[in-house]
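Chain letters run A, B, ... following the sequence lines, proteins first, then strands; residues in each count from 1.
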Amino acid sequence: MIKNFTGQHELPDISIQWNWIPFSGHWGISTSLFSLAAAEARQKQLKLNVPARANELAIQLAEFIGIPSGFEKVEPVNGYLNLYFSQAEYARRVLVEVLEKKADFGRPDRKNEKIMVEFSQPNTHKAFHVGHLRSAILGDTLARIMDFAGYDVVRANYPGDMGLHVIKWLWCYQKFHAGELPDKNITQWMGKIYAEANGKLEANPDLEAEIRALYKRWDQRDPEIVKLWEDTREWSLQGFYQIYDTLNIHFDVYYFNSQMEKPGKEIVQELIDKNIATDERPDGAVIVKIDDVLGLKKEQYRVLVVLRSDGTALYATEDLALVKQKFNDYPDLKKSLYIVDVRQSLHFTQVFKTMEIAGYNWAKQCEHVPYELVSLPGNVVMASREGTVVLLEDLISEATKRAYEVVQEKNPDLGEDQKWATARAVGIGAIKYPMQARENTKVVTFHWESALDFNGQAAPYIQYAYVRCGSILKKAGNIDINPPEISYELSPQEIQLIDLISRFSREVERAASEYRTIQIANFAYEMAKTFNNFYTHCPVLSEGEPIRSTRLNLVMATRQVLKNNLTLLGITAPEAM
RNA sequence: GCCCCUGUAGCUCAAUGGACAGAGCACCAGCCUUCUAAGCUGUUGGUUGAGGGUUCGAAUCCCCCCAGGGGCGCCA
């Protein structure tokens with residue numbers, strides 16, 4: 001129809017982009033006529049006032065097309081042509097869809113593509129602090145979003161279970177804590193011994209010799225050391241499982257650093273045989289001069305060290321093997337994502353490129369998803385060795401305790417179990433949310449006060465909106481879950497709420513394609529805010545029909561979408577607060 | 001020296017190249033006989049680090065500076 005119009009008026013033929021009208025109380029689609037006006041000016045060599053001409057065109061076009069079926073109103077506004085949907089019909093369709101699809105509302109069709117998301121990668125024999133939380137939460141949330149968006153997601157973990165840090169720990173344990181068993185807070189106890197080892201070494205550098213001796217015993221697979229390593233490693237892993245359980249995070253597959261050592265060395269040999277790697281031993285290490293191999297003049301990939309001069313493996317050695325292992329285990333993997341902090345960007349670029357050069361074509365399907373660190377005020381990086389850490393256990397217990405106090409105050413009649421369950425949901429939600437509602441590329445600065453602030457844009461706000469929905473529905477008793485024809489004029493609050501509900505699926509798709517949890521975190525907040533606005537302006541139970549039934553259905557739909565949204569964020573939706 | 005990220009309200013952060021750059025916190029003023037006040041309403045607050053360019057239109061894209069952070073051959 002618009003083509004007819006441009007044809008009749010000798011206007012340039014350009015493609016029309018339809019967008020959603022920024023919300024103004026009445027929804028629909030719109031197109032801007034600025035590009036048409038600009039194209040006209042160019043084609044006819046005219047000097048036009050483009051915005052004015054765009055508005056003229058919008059007015060003429062509005063008259064020309066009249067009101068197409070399914071629409072209620074057509075209006076030119078500031079150079080835009082807006083087509084408004086018929087309110088009542090559109091609103092009802094949205095409600096029906098939510099109430100039919102329930103937990104699946106917002107899910108697009110399955111894509112039949114397998115994606116691996118590797119995240120968390122904690123080091124055994126060390127504490128788990130708030131800095132480690134970001135990869136765990138970002139990865140878990142992305143995995144949830146991608147799964148919801150229709151991908152077959154494989155969640156992978158890759159703990160660092162061997163390395164100098166482990167040897168130091170074993171040394172300290174053997175010498176000062178032999179025979180001791182871990183505390184209830186395993187990870188915290190492991191972390192203490194690691195810190196103690198570092199402290200002792202710093203105080204007396206001569207002890208380094210003992211560490212080297214121990215490393216050698218490990219390298220020669222001294223049964224006593226291997227056994228000690230196996231036992232203590234298991235303690236550490238048990239500690240991690242506890243933490244993941246508390247955070248409601250799970251993994252489908254675990255890869256371990258220690259398992260990649262041998263296959264990594266084999267790949268290095270392969271690289272040497274193929275003349276990709278240069279063996280500079282014994283004077284130097286085994287390296288891949290990637291830029292030279294590719295014949296690049298400008299430095300881009302630089303040099304990757306793949307094996308130490310003494311022949312021992314390093315991180316890169318193991319990463320080469322891991323790339324391969326993943327595609328061996330899952331040959332139909334479309335993508336292999338690595339959720340690792342931004343400092344390792346170059347490292348992963350090098351590893352993937354090296355594997356590609358070696359002929360492993362699926363290396364192109366590997367992608368590093370970088371994120372910035374969690375720091376303490378004053379730009380202090382959290383580091384176990386420096387002792388500049390906030391332990392996760394401490395944060396969780398403090399947040400839960402504070403949440404419990406609020407529950408106690410607001411809702412003293414709840415049973416003790418439910419009080420604690422609610423406190424955990426609120427406390428853990430409050431911890432997770434700030435990491436999700438942040439651009440991956442931005443540093444999170446940890447402040448105790450804001451981490452424990454349950455007001456404003458935070459998880460408890462969203463959970464509270466969910467609870468309010470439930471509260472209304474509970475008091476309403478039996479509800480006919482069949483949205484009636486809407487036979488009254490919807491209030492702006494109702495329209496805005498329905499508008500948001502209808503956008504949920506688009507937000508999920510975008511979050512999944514851009515690997516951005518912030519999209520979903522912000523949307524959840526928008527939903528809650530809009531509902532709270534509805535809550536104060538639109539009474540439900542005290543209204544007569546037909547308003548009461550329509551609003552009850554709207555509340556039910558809102559509650560469902562909030563629930564789906566919170567599930568994507570891995571945050572529990574409590575029944576009472 | 002080379003590469004990457006960041007710079008938006010006092011603070012923490014948003015904003016598919018498009019309609020008046022929006023929230024939260026903080027501050028101030030209000031709202032609980034009514035579905036839970038972990039809530040709501042209102043007020044205050046901006047040369048989007050600076051300067052060029054592309055475009056009908058730039059916080060967003062390009063160039064060049066400035067400031068902060070990170071990475072760059074045997075750490076992980």
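Spacing between B/G42 and B/C5 at atom C1', rounded to whole Å, works out to 39 Å. Nucleotides B/C66 and B/C25 have their P atoms positioned 39 Å apart, rounded to a whole Å. Here the separation of B/A9 from B/G52, taken at their C1' atoms, is 27 Å to the nearest Å. One P atom belongs to B/A23, the other to B/G46, and the distance between them is 15 Å to the nearest Å. Across the P atoms, B/C65 and B/G39 are found 48 Å apart, a figure rounded to whole Å.
With a 3.5 Å ceiling on both atom-pair distances, the Watson-Crick or G-U wobble partner of B/C31 is B/G39. Nucleotide B/G45: unpaired (no Watson-Crick or G-U wobble partner with both distances less than 3.5 Å). Base pairing annotation: B/C56 forms a Watson-Crick or G-U wobble pair with B/G18, both donor-acceptor distances under 3.5 Å. When both distances must be under 3.5 Å, the Watson-Crick or G-U wobble mate of B/C25 is B/G10.
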>> Go through it in stages, so that I can follow the logic: the residues are A/Thr141 and A/Gln436, the test is side chain to side chain donor-acceptor pair (under 3.5 Å), and I'd like the CA-CA distance, side-chain angles, deciding distance and then a yes or no.
In response: CA-CA 8 Å; A/Thr141 310; A/Gln436 301 167 317; 2.9 Å; yes
>> I'd like to know whether A/Asn411 forms a side chain to side chain donor-acceptor pair (under 3.5 Å) with A/Lys419, so could you lay out the CA-CA distance, the side-chain angles of the two residues, the decisive distance to 0.1 Å, and finally the verdict.
In response: CA-CA 8 Å; A/Asn411 241 322; A/Lys419 277 182 196 165; over 6 Å; no
> Hey, mind stepping through A/Glu526 and A/Lys529 against salt bridge (charged side-chain N to carboxylate O under 4.0 Å, His left out) and telling me if it holds?
Replying inline: CA-CA 5 Å; A/Glu526 278 296 309; A/Lys529 190 175 163 64; over 6 Å; no
>> Applying salt bridge (charged side-chain N to carboxylate O under 4.0 Å, His left out) to A/Arg402 and A/Glu398, what does each step give before you reach the verdict?
In response: CA-CA 6 Å; A/Arg402 296 249 191 134; A/Glu398 185 62 28; 3.2 Å; yes
>> If you apply the rule side chain to side chain donor-acceptor pair (under 3.5 Å), what do you find for A/Ser30 with A/Asn19, and how did you get there?
In response: CA-CA 5 Å; A/Ser30 85; A/Asn19 294 306; 5.8 Å; no
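For B/C4, its base never sits under 3.5 Å from the side chain of A/Ser345 at any donor and acceptor pair. Put simply, the side chain of A/Arg438 and the base of B/C13 share no donor and acceptor less than 3.5 Å apart. In terms of polar N and O atoms assigned as donor or acceptor, the side chain of A/Arg53 never comes within less than 3.5 Å of the base of B/C56 in a complementary pairing. Contact annotation: side chain of A/Ser32 to base of B/A19, donor-acceptor pair absent below 3.5 Å.
Checking B/C40, B/C74, B/C35 against the side-chain heavy atoms of A/Asn532 singles out B/C40 as nearest. Picking from B/G73, B/C35, B/A19 the nucleotide with the shortest atom distance to the side chain of A/Val77 gives B/A19. Considering only side-chain atoms of A/Tyr315, the nucleotide from B/C72, B/C35, B/A76 that sits closest is B/A76. Closest to the side chain of A/Val540, out of B/A15, B/G39, B/C35, is B/C35. Ranking B/U55, B/G24, B/A76 by closeness to the A/Lys529 side chain, first place goes to B/G24. When distances are taken from the side chain of A/Val305 to each of B/C35, B/G73, B/U41, the shortest belongs to B/G73. Side-chain proximity of A/Pro539 to B/G39, B/C35, B/C75: nearest is B/C35. Checking B/G73, B/G69, B/C40 against every side-chain atom of A/Asn379, the shortest atom distance belongs to B/G69. Counting only heavy atoms from C-beta on, A/Asn455 has its side chain closest to B/G39 among B/C2, B/C5, B/G39. Which of B/U41, B/A37, B/C56 sits closest to the side chain of A/Arg468 comes down to B/A37.
Put simply, A/Tyr535 does not rest on the base of B/G39: the two rings are not both less than 5.5 Å apart at their centres and under 30° in tilt. Stacking annotation: A/Phe34 is not stacked on the base of B/G57 (requires ring centroids less than 5.5 angstrom apart and an interplanar angle below 30 degrees).
Within 4.0 Å of A/Val555, counting heavy atoms only, lies no atom of the nucleic acid at all. Residue contacts shown for A/Val407 include a base, since a base heavy atom lies under 4.0 Å away. Contact annotation for A/Arg302: base contact, defined as any heavy-atom pair under 4.0 Å involving a base atom. A/Asp319 comes within 4.0 angstrom of nothing in the nucleic acid, heavy atoms only. Contacts of A/Val286 with the nucleic acid, taken as non-hydrogen atoms under 4.0 Å apart, are absent. Contacts of A/His447 with the nucleic acid, taken as non-hydrogen atoms under 4.0 Å apart, are absent. Using a 4.0 Å heavy-atom cutoff across all strands shown, A/Ser450 reaches no nucleic acid atom at all. Residue-level contact check: A/Lys289 touches neither bases nor backbone, having no heavy atom under 4.0 Å from any strand. Residue A/Ala39 is classed as having no contact, given no heavy-atom separation below 4.0 Å to the nucleic acid.
When each of A/Tyr525 and A/Glu439 is assigned the nucleotide of RNA chain B bearing its nearest heavy atom, the one mapping closer to the 5' terminus is A/Glu439. Comparing A/Arg510 and A/Asn78, the nucleotide of RNA chain B nearest to each residue sits closer to the 5' end for A/Arg510.
Glycosidic conformation of B/G39: anti, with the torsion beyond 90° of 0. In textbook terms, a nucleotide whose glycosidic angle is within 90° of 0 is syn, while B/C28, being further out, is anti.
Sparse packing is recorded around CD of A/Glu202, with 12 or fewer heavy atoms of other residues, nucleotides or ligands lying under 6.0 Å away. The number of heavy-atom neighbours closer than 6.0 Å to NZ of A/Lys44, taken from other residues, nucleotides and ligands shown, is above 12. Counted within 6.0 Å of NZ on A/Lys216, heavy atoms from surrounding residues, nucleotides or ligands total 12 or fewer; the atom is thus considered open.
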Can you name the atoms? Protein N/O to nucleotides 8-10 of chain B N/O, anything below 3.5 Å, with the distance.
none

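Looking only at distances, no side-chain donor or acceptor of A/Ser542 sits under 3.5 Å from a matching main-chain atom of A/Pro539.
Counting only heavy atoms from C-beta outward, the side chains of A/Thr124 and A/Phe240 approach each other to under 4.5 Å.
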